[in-house]
Structure formats: structure tokens, C-alpha cells
Amino acid sequence: MAVSARRGSPLSPEEIHAEALRLIDERGVEALSMRKLAAALDVNPMSLYHHVPNKEALLDGVRGLVLSEIELPADDGSPWQEQIRALATGMRALAHRHPSLYPDLSAHPQLTRQDTLWKVLSRVLTAAGVPEERLSRVRNALFAFTAGILLAEINGAFPAPDDDAFDEAVTLIVNGLSAYAGGGA
């Protein structure tokens, strides 16, 4: 059943989330409202509520859309060091594609509950030698370190974008994991 039709086509959740992301990228999370989104979609604001119950549910959908953009390294036997670099680079690309959403995303539990990302990170950390009983803590610490670097970068604490500083941070992660897994900590 078509709930809302304009231009002869029904409104879809995918279209709603994509347009909300476009508005967030343009003006920021705080500037997004259901009314502004409805105007951008050329629909009655009440039509949105047939697809998303509230703004937080809308943001959950947008976060999910953005998380699906992360390029994750394949389980192809490449060295864990390359896979850690690929994960960090994928997160960095995401932060720079959506700098207005990234602070919200990095602070939101949805990112740390994203099964695919966490499974890949866990696989890579296991390959790096992190023991199973410490995997959760190492994963969380690594996420916090990386998120902090990316927030500093998109908020202008580093000269924009500072590839050398980012490369050094990833090298610290790789070297730290090598020492940790080798019995250093």
C-alpha cells in the first residue's frame, strides 16, 4: 500500500534516509527536522511518520546507511597489519565523507554494535595475536583511539587532512598490537 505519493511514486524508507543524510551532510545533525526533511522530499510531514516513528529512528536509519558504506577488508589471507590499515582508512574515508554526521555516529552505540564491522575487527585482532579473553577490551580501546583521531581531524585540530599524522597513528596501532600480541603488555 502506497502511504505517500508525490510525483507519482511512493515514498520509501531508503529515499527518506538518503535525503536525511544529504541534509545532514549539508547542514548538520542539529539542523535536521522532520519538517525540513518533508519539504526536501516534497511530501506532507505526516507522511514521514508512516516510515519512521520519530527523529531518533530516522537517525538510526541514516547511521545504518552510512555504516553500510564502510569498506571492510576481505578475509583473503593478507597480513593483519594491512587489514588494520584498511579498516582505519575506511573509517577515515567515512568520517571525511560525512563530517557533519561522524561526531554523532562515533558517539552512538550503533557503531559499536555494528556486527559486520565488529566481526571483521575481531577477526583481524585475533590474527594479530590478541587473546580471546582480551579481545573486547582491545577492540573498544582501538575504536576509541581511532574515533578520537578522526574527530580531531574533522574538527580541525590537525591541519586538514594531515595524512602524515594519520599514518603515524595507524603505525602506532600496528606497532602497539605487535608488541601486545608478542607478550609486551
Side-chain angles (χ1 to χ4, degrees), residues 17 20-21 24-25 28-30 32 55-185:
H17 296 138
L21 178 58
I24 290 169
D25 284 345
V29 174
E30 303 77 26
L32 179 67
K55 185 177 176 181
E56 188 56 35
L58 172 65
L59 288 172
D60 280 345
V62 171
R63 291 180 197 111
L65 175 65
V66 167
L67 288 173
S68 72
E69 294 179 10
I70 299 173
E71 232 178 279
L72 300 172
D75 190 4
D76 60 3
S78 60
W80 67 264
Q81 296 90 336
E82 289 177 21
Q83 293 190 38
I84 283 288
R85 286 187 185 282
L87 276 169
T89 301
M91 287 302 294
R92 185 182 192 213
L94 182 83
H96 284 276
R97 263 194 316 274
H98 305 291
S100 294
L101 180 64
Y102 187 76
D104 170 82
L105 183 64
S106 66
H108 199 274
Q110 188 169 353
L111 179 60
T112 58
R113 289 191 311 247
Q114 208 269 350
D115 285 342
T116 307
L117 174 64
W118 251 201
K119 284 178 185 172
V120 170
L121 181 55
S122 294
R123 172 180 52 78
V124 174
L125 292 174
T126 299
V130 174
E132 176 71 30
E133 66 274 5
R134 298 180 98 177
L135 194 57
S136 178
R137 288 182 299 212
V138 171
R139 190 180 56 214
N140 290 343
L142 184 59
F143 169 77
F145 180 73
T146 306
I149 291 164
L150 295 175
L151 285 169
E153 203 174 74
I154 65 171
N155 287 331
F158 301 146
D162 188 344
D163 293 338
D164 292 337
F166 182 77
D167 288 343
E168 285 296 324
V170 176
T171 297
L172 285 171
I173 290 169
V174 169
N175 291 345
L177 283 171
S178 293
Y180 182 84

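Every heavy atom of this structure was used, including side-chain atoms; hydrogens, water molecules and symmetry mates were not.
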Return the [atom1] to [atom2] distance between [X] and [Y], rounded to the nearest 0.5 Å.
X	Y	atom1	atom2	answer
I24	H17	CD1	NE2	10.0 Å
T171	I84	OG1	CD1	12.0 Å
E168	N175	CD	CG	9.0 Å

Mind checking whether [X] and [Y] have side chains closer than 4.5 Å, heavy atoms only?
X	Y	answer
L142	L125	yes
P131	V138	no
L94	R97	yes
W118	S136	no
V120	D75	no
S100	V29	no

Whether over 12 other heavy atoms sit under 6.0 Å from E56 CD: yes
Heavy atoms of other groups near E71 CD, more than 12 under 6.0 Å: no
Salt-bridge criterion met for R92 and D163 (N-O under 4.0 Å): yes
Pairing of R63 and D104 as salt bridge, 4.0 angstrom limit: yes
Donor on one side chain, acceptor on other, Q83 and S78, under 3.5 Å: yes
Polar side-chain atom of T146 near backbone of F143 as donor-acceptor pair, under 3.5 Å: no
Passing option when L72 is tested against V124, L117, L121 for side-chain contact (heavy atoms from CB on, under 4.5 Å): L117
